[in-house]
Amino acid sequence: MSIYLDHAATTPLRPEALEAMLPHLVGAFGNPSSAHALGRAARNALDEAREQLAADLGGSAREVVLTSGGTEANNLAVKGAAWAGKARGNRIVVSAVEHHAVGHTAEHLAKWGFEIASAPVDGAGRVDPAAVEDLLDERTVLVAVMLANNEVGTIQPVRAIADRVRSRRGIHLHVDAVQAAPYLDLDVADLGADTVAISAHKFEGPKGVGALWVRRGTPLLAQVHGGSQERHRRAGTENVAGAVGMAAAYALACAAKPETRARMLDLRTRLQAACLALEGVELTGHPTDRLPGLLSLLVRGADGVAASVALDLEGIACSTGSACATGSPEPSHVLTSMGISSAEAMGALRLSLGRGTTTEEIEAAVALVPRVLAGIRDGSAALAADPLGSRIA
Ligand code: PLP
């Protein structure tokens with residue numbers, strides 16, 4: 001038995017996206033910058049993919065910058081907006097629970113004269129729009145708040161934050177929508193942001209391709225230099241097959257979002273109830289304003305890594321936090337920002353469902369996950385109570 005419950009880390013490539021990509025990997029291999037027929041065919045495919053993606057995002061094609069994924073899209077937005085605004089100010093406000101693609105990028109900018117202010121979150125991982133507003137001053141050039149968190153699934157009140165940020169002219173609002181885009185209704189023009197990042201492999205598209213939507217007229221300095229691709233905003237020969245696969249996957253995801261959401265919410269609720277019935281197991285993140293398929297747990301006194309290894313041995317793939325943090329002994333910055341102690345945060349576990357998750361898989365997980373968690377919890381408790389055991393550990 002093998003049950004994949006790590007869709008927040010990545011999703012399988014859907015067959016329709018693969019089918020759309022294949023001609024551009026094999027026969028139609030031209031460079032979109034070439035003037036000959038093969039090049040023109042590649043340019044047409046790229047233009048169509050961009051048009052489709054832009055329409056599904058609620059923007060226009062010229063506002064879409066294709067990138068190598070969510071990390072690059074976030075880097076372009078954060079560095080590009082910060083440097084574009086440097087003459088006016090050097091202050092950047094970043095939520096405390098951003099993905100490292102945003103948080104570490106801001107930390108990098110701190111080495112270059114930018115001042116970083118961290119917008120706090122409450123116990124559910126939610127940013128208070130008034131707290132963001134309090135952090136704004138005349139020198140602020142950029143605010144970055146994600147739409148939904150990758151570790152605990154909490155959805156941020158981005159529209160309310162946008163209202164407060166946009167009332168101050170000249171402050172750029174960046175929104176990382178990488179986790180939200182597959183499941184939440186997303187209309188970039190409506191969101192009130194200046195830039196929005198997405199990544200194809202989170203919605204059953206290919207890995208290594210993403211996009212940054214950039215509101216028309218937004219000042220942004222390119223971070224990759226070379227050719228004039230992407231209207232001078234991102235140099236490099238375009239990933240035509242990747243863009244085609246991303247557009248195909250996102251169109252299909254959009255067409256089914258309401259049904260996907262409802263089904264995933266139902267399945268996640270069942271798994272959640274079974275896990276929370278165990279003593280010492282708690283839900284992290286917001287109880288209701290959260291991604292439909294993301295179940296984030298804290299197993300009190302247990303080691304999340306041990307729990308995920310034990311589940312893996314039973315055929316269930318899940319994660320201890322964000323995939324990027326795997327292997328790192330550090331507690332999650334998301335959980336500690338929410339007021340959870342570093343020691344407790346080591347008991348974090350994330351089970352994330354996807355569009356393809358079946359009822360049978362969740363029924364099997366309902367039978368298995370609580371049993372494995374109880375074993376880990378009781379084993380850890382026994383180890384902690386036994387001085388010899390704790391020395392061995
Ligand atoms: N932002 C968030 C919220 C994510 O969850 C991830 C990936 O886990 C990224 C950014 C990075 O995206 P990519 O893997 O496409 O670089």
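All ligand and atom numbering here is 1-based and tracks the order in the structure. In what follows, residues are counted from 1 in the order of the sequence shown. What you see is a predicted model; the values in this text were computed from it and never measured.
Distances shorter than 4.0 angstrom do not occur between any heavy atom of Glu98 and any atom of ligand 1.
Grouping the Ile, Leu, Val, Met, Phe, Trp and Tyr side chains by contacts below 4.5 angstrom, directly or via other members, places Leu353 with Tyr183.
Interface atoms of ligand 1 facing Asn74, defined by a heavy-atom separation under 4.0 Å, are 1 (N), 10 (C). Near Ser199, meaning under 4.0 Å from one of its heavy atoms, ligand 1 places the atoms 13 (P), 15 (O). In the vicinity of Gly69, heavy-atom distances shorter than 4.0 Å reach the ligand 1 atoms 15 (O). Atom numbering of ligand 1 starts at 1 in the shown order; those under 4.0 Å from a heavy atom of His201 are 13 (P), 14 (O), 15 (O).
Residue Met146 has no nitrogen or oxygen atom sitting less than 3.5 Å from a nitrogen or oxygen atom of ligand 1, judged on distance alone.
Of the heavy atoms in Glu72, none comes closer than 4.0 Å to ligand 1. Residue-level proximity to ligand 1 for Thr71 is carried by backbone and side chain together, each with a heavy atom below 4.0 angstrom.
Taking all heavy atoms of Asp176, Val102, Thr10 into account, the minimum distance to atom 3 (C) of ligand 1 is reached by Asp176.
In terms of the ring pair (Phe, Tyr, Trp, His ring centres under 6.0 Å) criterion, residue partners of His7 (sequence neighbours excluded) are, by chain and number, Tyr4.
A cation-pi arrangement is absent between Lys79 and Phe114, since the terminal nitrogen or guanidinium carbon is not both under 6.0 Å from the aromatic centre and inside a 45° cone about the axis.
Between Arg261 and Asp185 there is a salt bridge, since at least one side-chain N of the basic residue sits less than 4.0 Å from a carboxylate O of the acidic one. Between Glu238 and Arg43 there is a salt bridge, since a side-chain N of the basic residue sits under 4.0 Å from a carboxylate O of the acidic one. With respect to the salt-bridge test (charged N to carboxylate O, under 4.0 angstrom), the residues Glu151 and Arg350 do not qualify.
Dense packing is recorded around CD of Glu115, with more than 12 heavy atoms of other residues, nucleotides or ligands lying under 6.0 Å away.
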